[in-house]
Structure formats: C-alpha cells, structure tokens
Amino acid sequence: MTDPIRYFPAPRRARFCSQCGSPVQHRVPEDDNRARDICDHCGAIHYQNPRMVVGTVPVWEGKILLCRRAIEPRYDTWTLPAGFMELGESTAQGAARETLEEAGARIELGQLYTIIDVPQVDQVHIFYLARALGPELDPGPESLEARYFALDEIPWPELSFRTVATTLERYREDQREGRFPTHHCTLPSHRTS
C-alpha cells in the first residue's frame, strides 16, 4: 500500500515579502488592531483571511453520500465531500466541484445548509444540501471509496471532522422534524476541527 497523499496549505505566516522579497516583521501596523506581516522595505502589509472549506450533503433515495479519505489529515475516516474553495469560484461552484472530484457524484445543488466557524484553525466550513442525480459514484484520488449511508448506518465514531459530525447531527434532527433550515454555529476550541 502506498502512503496517503498529503496536502499542505500555504503557511499562514510569511517570512519574506511577496512584493519585493525582503524579510517581513510580525507586528501591529499603525492604525490597526492586530499583528500583521509587514515589509519595512516596501511597506506592504500582508493580510491573512480565513480559509473557506465548501462541501455538500448529497442525498440519494434518503441515503447520505460519504467519502472515505485517502489523504491526510484523518486518512481512512469518513467525510462529506468537501474541500478548500479555489480562487475564482463561488462557494456553490466549489461545493459542486469537490463533490464531483471526491465522489464522482452528479448532483443538483440545494440550499445553503450549515455555516460553521472554526476560528482556532482560521477556517469557515460551508455545506449545501444536494440531491444526487443517480446512484453512480466514481471516487477520485482523494477518496478510498464513496458510498451512501442510511442515517442509522452512519459510522459516527469514524467521521473525520467535527464540522462533518455537526452537519450530519443537524441533518438527522431536521429529518425528524421534516424541515431543513440553514444553521450557523462556532465550534469551541477544545479540540481541532
């Protein structure tokens, strides 16, 4: 067996200015209220913003699509199809793209479902409800497998991230009540996402 694919987002702290290549300092700029990476040579201030993770809750005949991760972190655990939003795409486009890339599922995107702030890792996770257009799946290289689970079959202890578990818990509760409002929450920082 080969090692799982590892993806590393760009570091959050800069060491050198992307404008002129000079070393940067980490301090609070004048007229600001938080530390930034600042280039004293050209004056550039390098702002950092949260990363967006976008995905879907795809449903086919009452079952939810989950993917078993072939990448770190959380290799060999189950997740909803999701990933980092790319430049130049909307959250909806990114969610649909990730679903196709990770599961090979054709979907009709539905409403915005969960918005989950994860400030301890500088991320916001957004999931849309989606209707699968058929049962066919063709997982990409980031997934060991993809399959549909009934709500009582979801492998809760093997879920990859708290944002996925939170979204699926909301879905289970909403299914019981027969309505699916949009949910927003912030995860406490006692564990990583």
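Just so you know, residue 1 is the first one in the sequence shown, and it goes up from there. What you are looking at is a predicted structure, and each value in this text was computed from that prediction instead of being measured.
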Subject >> Residue pair Glu158, Trp78: steps toward the side chain to side chain contact (heavy atoms under 4.5 Å, CB included) verdict >> reply: CA-CA 6 Å; Glu158 299 170 43; Trp78 291 94; 3.7 Å; yes
Side-chain donor/acceptor of Glu142 to backbone N/O of Ile71, under 3.5 Å
no
If you measure from the Lys or Arg side-chain nitrogens to the Asp or Glu carboxylate oxygens, is any gap between Asp174 and Arg170 under 4.0 Å?
-> no
| message | Between Asp117 and His184, is the side chain to side chain contact (heavy atoms under 4.5 Å, CB included) condition met? List the steps. | response | CA-CA 8 Å; Asp117 300 321; His184 174 254; 2.8 Å; yes
Parallel, tilted or perpendicular: ring planes of Tyr171 versus Tyr113, cut at 30 and 60 degrees: perpendicular
The residue among Pro81, Ser160, Pro139, Pro58 that forms side chain to side chain contact (heavy atoms under 4.5 Å, CB included) with Cys67 is Pro81
- Where the side chain of Thr182 meets the backbone of Leu112, is there a donor-acceptor pair that is under 3.5 Å apart? yes
On a heavy-atom basis, the closest approach of Thr114 and Thr167 is OG1-OG1, 2.9 Å
Nearest heavy-atom contact between Glu153 and Phe149 is O-CD2, 3.4 Å
Strictly distance-based, threshold 3.5 Å: is any side-chain N or O of Thr99 a donor or acceptor partner for the main-chain N or O of Ala95?
yes
TODO: For residues Arg34 and Val28, determine if any side-chain heavy atom of one lies less than 4.5 Å from a side-chain heavy atom of the other.
DONE: no
Short question: side chain of Ser143, backbone of Ala146 - any donor-acceptor pair under 3.5 Å? no
To the nearest 0.5 Å, atom SG of Cys185 lies from atom NE2 of His125 at 11.0 Å
When rounded to the nearest 0.5 Å, the distance separating CH2 of Trp60 from CG of Leu137 is 10.5 Å
- Query: Do side-chain atoms of Asp37 reach the backbone of Arg13 as a donor and acceptor pair under 3.5 angstrom?
  - Reply: no
- Counting distance only, does the side-chain N/O of Gln111 pair as donor-acceptor with the main-chain N or O of Phe180 below 3.5 Å? yes
Rounded to the nearest 0.5 angstrom, the CZ-OG1 distance for Arg97 and Thr56 is 11.5 Å
- Going by heavy atoms in the side chains, are Leu133 and Glu108 under 4.5 Å from each other? yes
> Is it true that Leu109 and Leu66 fall in one hydrophobic cluster, defined by side-chain heavy atoms closer than 4.5 Å?
Replying inline: no
Please determine whether a side-chain nitrogen of the Lys or Arg among Asp40 and Arg27 lies less than 4.0 Å from a carboxylate oxygen of the Asp or Glu.
yes
Q) Counting distance only, does the side-chain N/O of Arg69 pair as donor-acceptor with the main-chain N or O of Pro73 below 3.5 Å? A) yes
In terms of heavy-atom contacts, Tyr148 and Pro135 come closest through CE1-O, 3.6 Å
Any side-chain heavy-atom pair of Phe84 and Glu98 under 4.5 Å = no
Smallest heavy-atom separation, Ala14 atom then Val24 atom, equals O-CG2, 3.2 Å
Between the CZ atom in Arg68 and the OG1 atom in Thr79, the distance rounded to the nearest 0.5 Å is 13.0 Å
For Leu187 and Pro119, the nearest pair of non-hydrogen atoms, with its separation, is O-CD, 4.2 Å
Practice prompt. Show the numbers, then the answer: is there a side chain to side chain contact (heavy atoms under 4.5 Å, CB included) between Thr166 and Val164?
Written response: CA-CA 5 Å; Thr166 298; Val164 170; over 6 Å; no
Do Val124 and Val54 belong to the same hydrophobic cluster, where Ile, Leu, Val, Met, Phe, Trp and Tyr are linked whenever their side-chain heavy atoms lie under 4.5 Å apart, directly or via other members? yes
So ring-ring contact (aromatic ring centres under 6.0 Å, His included) across residues 17-48, not counting sequence neighbours, yields none
So CG of Leu65 and CD of Glu102: to nearest 0.5 Å the spacing works out to 9.5 Å
In this structure, CD1 of Ile154 is separated from CZ of Arg172 (nearest 0.5 Å) by 7.5 Å
Looking only at heavy atoms, the pair that brings Ala92 and Tyr128 closest together is N-OH, 3.5 Å
Got Leu80 and Ile64 here, is their nearest side-chain heavy-atom distance under 4.5 Å? yes
Go through Phe161 and Arg74 one step at a time and tell me if the side chain to side chain contact (heavy atoms under 4.5 Å, CB included) criterion holds.
-> CA-CA 8 Å; Phe161 302 102; Arg74 315 268 167 59; 2.8 Å; yes
Any non-hydrogen side-chain atom of Met52 less than 4.5 Å from a side-chain atom of Ile126? yes
- request: State yes or no: do Val59 and Leu129 share one hydrophobic cluster built from I, L, V, M, F, W and Y residues joined by side-chain heavy-atom distances below 4.5 Å, directly or via other members?
  value: yes
